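Data block below; observations after.
The analysis underlying the following values was restricted to heavy atoms, covering all of them including side chains, and did not include hydrogens, waters or symmetry mates. Chain A is the first sequence line, chain B the second, and so forth, proteins listed ahead of strands; every chain is numbered from 1. All figures in this text were calculated on a predicted structure; none of them were measured in a lab.
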Amino acid sequence: MTKRELAPSFTPADIEARLYSHWVESGYFTADSSSPKEPFTIVIPPPNVTGNLHIGHALDQTLQDCLTRMKRMQGYEALWLPGMDHAGIATQNVVEKQLAAQGLTRHDLGREEFVKKVWEWKAESGGQILGQMKRLGDSVDWSREAFTMDAILSQAVLTIFKKLYDAELIYRAERIINWCPRCLTALSDIEVEHSDDEGELVSIKYGSGGSEIIVATTRAETMLGDTAVAVHPDDERYSHMIGKTVTVPLINREIPVVADSHVDPAFGTGAVKVTPAHDPNDFEIGLRHSLANIVILDADAKVINTKSAFDGMDRYEARKAVVDALRAEGRIVAEKRPYIHAVGHCSRCDTTVEPRLSKQWFVKVAPLAKAAGDAVRDGRVVIEPAELAPRYFDWIDNMHDWCISRQLWWGHRIPVWYGPNGEVVVVGPGESAPAGYEQDPDVLDTWFSSALWPFSTLGWPNNTDDLKKFYPTSVLVTGYDILFFWVARMMLFGLFAMDGVPPFGTIVLHGLVRDQFGKKMSKSRGNVVDPLEFIDKYGADALRFTLARGANPGKDQALAEDWVAGSRNFATKLWNATRFAMMNGATVEGELPELSSLNAIDKWILSRLAETTAEYSELLSTYEFARASEVIYHFAWDDLCDWYLELSKEAFASGIAASTQRVLGHVLDQLFRLLHPVMPFITEELWTTFTGGQTLMTAVWPLSHASHVDKESESTVAQLQRVITEVRRFRNDQGVKPSQKIPGRFIAPADVAEYASAMAFLLKLELGEFTPSASVEIGAIKCELDLSGAVDVAAERTRLEKDLAAAKKDLATAEVKLNNEGFMAKAPESVVKEIREREAVTKADIERITAQLAALK
RNA sequence: GGGUGGUUAGCUCAGUGGUAGAGCGCCUCGUUUACACCGAGGAUGUCGGGGGUUCGAAACCCUCACCGCCCA
C-alpha cells in the first residue's frame, strides 16, 4: 500500500464531494436483504418534497447517520432508508401559487391536468433536499429512495384503507371539523395551531320582558345560527327559564333554553348561546337536545342562509355589522376589547380556522390508540428519553377520531365509490368499481400515508425480502415536535397492519435547534441559520460535530456560528496531529508491542483509549450524543494532543521511538474509527491516508481492551502532568519566556524520575550540573532551576501565599468533617478514608509552603 | 385552566448525595520539532428565594417567584 501525504492544511471542500461520490459508487450505503448479518434499520422522517434542508433536518439526520454508520461498523446489515413526503397542502399551495402568477386557478386546469402539473413541478423543482442531504454526508441507501405517492406506497394506502374500512375503523360522518377557509379543506386537530389572539367579547341580551337572558361570545356573527341557549341544570338563576324560549335578536328566531351540565356556571353570566353548526362543543349540546343545525357560513366563511342583510358578508365584516346592529337595538350590555383568547390557525397558511359542519371520513382511533399506548406501556417500544413518554400517553390515551379526508387534489384519492342509489364501495388494490359509480372527490390526509412509512417503504403489502429482513425498524429518530403528527400515527397503523408488531423498537426524540441565545428560530426574528452556509464555510464534519455535541436527549439546543467554528478547529487539530504523527513515523504496521515492554506514557494513552472507547460506545448506544461527543473531544484534544504527543516529542527527537510510533499509530487508527460516525469525511481522509486502508465505512468498530486499563500508569502520568503544570506556572510567574531554555533538574521517586528528559523537553529545561537559584515543590517531587539570579521574590511570595490559603481552606473543610461525630459515625468508610487522605496531603502542603515562604525572606 | 420542562461562570449548557464543570468569551505571556483554526498560564459562581430531610444537598422533599413548551 502506498501512503499519500496530507495537505499542509485542512480544506473540507477539497475532500467532501470526492469522498461522498466514492462512497455511493462503491455501494457502501446499499443494504443487502439476503445478508446473514443482523439488520439495523432506520427510516428517515420523510422531508416534504417542497422542503429545503434546514438546521433541524441537519440535526435529525446527523444523529441518524451517526447510529447507522456505527452499526454498520459494528457488523450489522445497516439500512438507512431515504425518501420524501408528498405534503398535500404544502405542495398544492406551491403549484397553485405558480398558476396564480399566470392568473389561473386549479379549476381552470381541471383535476387531471392539475395533478399532472404537480408531478411536473416535482420533477423539475421538487426534492431539492435530497441533494442537500448529500452535502451533509448522509449514508442513506439511495437505491431504496421512496416517495409517498410512488405506486407501491400508494398500493399500501389502498390496502390499509380497505382493511380499516372492513374492520369498521373507518367511517363517514357529518361532524364539526376544523376548516381552513383559505385552503378550502378540512384539517385534523393537529393541523391547527392555537395562539392567544386579540379579539372581542361581547355580551348580548336575548329575549325581552321577563324572559331576558344575557350571553357572551367572541364570534357574534354566529348568533345568526343559534338554535338554543344553554344553562347549567343546577343554576338557580335560570331555573325558571329552562324549557321556555327566548327570541334571538336581529333574526327573531324563537329558541329554547336548555339545561346542560357541560355549561360552566362560573363563566360569564352562566348562560351560553348554542350554535351547533359552527362550534364543536355546541354541536355536542345540539346532539343531546336534538337541536337543529343551521349553517350560516359557507366554505369561504361568508354568511349565507340568514335571509338578512348579513348574507354575503365575510365573517369579520359580519361580526362587526352584527355587533353594530345589536348595539343600535340596545342589546349589547358589555363589550370587552381587546379580549385575549385562544384562536386556532391553519398550520399551513395561518388563516383562522372555522369550525364547520360537514361530511368527512374519519378513522375510529380508540381501539388503535389502545394498542399504541400498550406497546409503550409494556416496553415493546421504548421512548428515549423516558421523560417524554407521559406526553405520548397523555395524547394517545385521549385522542379524538381522526379526520382523514381533505378537499384537495394532490394526494391519495379516497378509494370509495358511490353508486347511483347511494351504494358505497371501497375499492382495494387491483379491484375496480362497478360501472356507473363515482369516486369520492377528496384525498387523504398526508399523514395517512406517512403513517405507513416504516413498512410501505419496504414493499408492504407484498411480503418482500426487504420487509422480511428489515421490519420492524430498529430506531426512529425524530424531533419531539412531531411525536403526535407522525410517530403516534405510525404506531396506530403499524400495529394494525403488521399484526401487532410495532414499527420500531426505540423512539429517540431530540429537541429543536435554537439560536445562540436559546430563542426559537423564525423568519420574523431573522435568526434562521442555513446549514448549507455552515457546510460551505466550516465543512460538514464541523456542523455535524456541533449538532451532535449539543444533542442532549429530548432537549433543545442553542447554536451559534462560533460553536461551528470551534468544531472546525477541532477538525483542523485532528488533521495537524495526524500530519505530526506521520512526520514522526507513526504506523499501524505490525503487532502492538507487549504491554510490559512499554513505558508508562504509552501504557497511559492505551489505558485512556480503552476507557474512552468503552465510555463513548456506551454513550452512543444509549443515544447520549452530547456526552459521547464531549468524551471523545477531550480524549483527542487533551489526552492525545496536549499530553501524549507532547510527552512523546522527546522520544521522537531522540530517535528511540519504535514502540511509541506503533502505539501512536494504533491510537489514531482507533480514534478515527470512533469519530467516523460523527465526522465521516475528515476521518475517512485521514485514516485512508495514514493507514493506506480502503475505507473506514466498513472498518471494524473498536473494542475496548479491559487489559489495557492501567491505573498505575495513569497515576504516574498524572504526576508528570502536575509537575509540568506547576513548573510552567512558576516559569510564567517568574516571567520566563516559554521558549527560553534554563538549567533544571528533578528530584523525584524513580517512577517519575524515569521521565525527567521527557519533562525537561516539554519544559525547556537543560538537565545537568548547575547551582539552583529556585525550586518548585510538588508533593514529594522537587524541580530545581537556575534563573540566573534574578528570582522575582514578590511574585513567588504571592503564588505561595495563594497556594497556602487554598491548602488551609481545604484542610479546614476536611477537619470540620473529621471533627463531626455524626460524619464519623455514619459516613461510609471509603468517604472517611478519602477525607483523611485529603487532611494528610493538605497538612503536608501547608508545612512545605510555610517552609518555602520562610526561606524566601 | 390542566399537564410538563427549566432557573448553575459574561453567553449557551453538562452535572441524580461526598472539595462546583465544559465550550465560547475575557486577562497575561508566547512564531518552542504538528497546529495562531495554536500553545502555556490566569480570573470568574451566596448552583433563583425561603423552609425541610441528611453526618453531608446544586442534586431529595415542601413552598414561592420567574421563564418556556404541550394540551384545552
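Taking a cutoff of 4.0 Å between a charged side-chain nitrogen and a carboxylate oxygen, A:Arg627 and A:Glu630 do not qualify as a salt bridge. Contact check on A:Lys555 versus A:Glu387 returns no salt bridge, with no Lys/Arg side-chain nitrogen under 4.0 Å from an Asp/Glu carboxylate oxygen. Salt bridge A:Glu646/A:Lys649: present, at least one basic N to carboxylate O contact under 4.0 Å. Residues A:Lys802 and A:Asp733 are not paired through a salt bridge, judged by the lack of any N-O separation under 4.0 Å between the basic side chain and the carboxylate.
When rounded to the nearest whole Å, the span between CZ of A:Arg579 and P of B:U33 equals 14 Å. Rounded to whole Å, the distance from CZ on A:Phe761 to P on B:A34 is 9 Å. Spacing between atom CD of A:Glu387 and atom P of B:G68 amounts to 22 Å, rounded to whole angstrom units. Taking atom CD1 of residue A:Ile383 and atom P of nucleotide B:C70, one finds them 18 Å apart after rounding to whole Å. The distance between atom CG of A:Asp638 and atom C1' of B:G41, rounded to the nearest whole Å, is 15 Å.
Nucleic acid contact class of A:Asp733 (heavy atoms, under 4.0 Å, all strands): none. Contacts of A:Asp394 with the nucleic acid, taken as non-hydrogen atoms under 4.0 Å apart, are absent. Contacts of A:Ala577 with the nucleic acid, taken as non-hydrogen atoms under 4.0 Å apart, include base atoms.
Judged by atom type and distance alone, A:Arg568 reaches the base of B:C37 through a side-chain donor-acceptor pair under 3.5 Å. For a distance-only test at 3.5 Å, the side chain of A:Lys737 fails to qualify as a donor-acceptor partner of the base of B:C29.
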Full working for ring-ring contact (aromatic ring centres under 6.0 Å, His included) between A:Trp687 and A:Phe672: CA-CA 6 Å; A:Trp687 188 84; A:Phe672 296 147; 8.4 Å; no
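Of the candidate nucleotides B:C37, B:A22, B:C55, B:A22 has the atom lying nearest to any side-chain atom of A:Arg549. Closest to the A:Thr572 side chain, of the nucleotides B:G30, B:C37, B:A22, is B:C37. When distances run from any side-chain atom of A:Asn569 to the nucleotides B:C38, B:A34, B:C24, the shortest one goes to B:C38. Proximity note for A:Phe580 (side chain, C-beta onward) versus B:A40, B:A34, B:G18: the nearest is B:A34.
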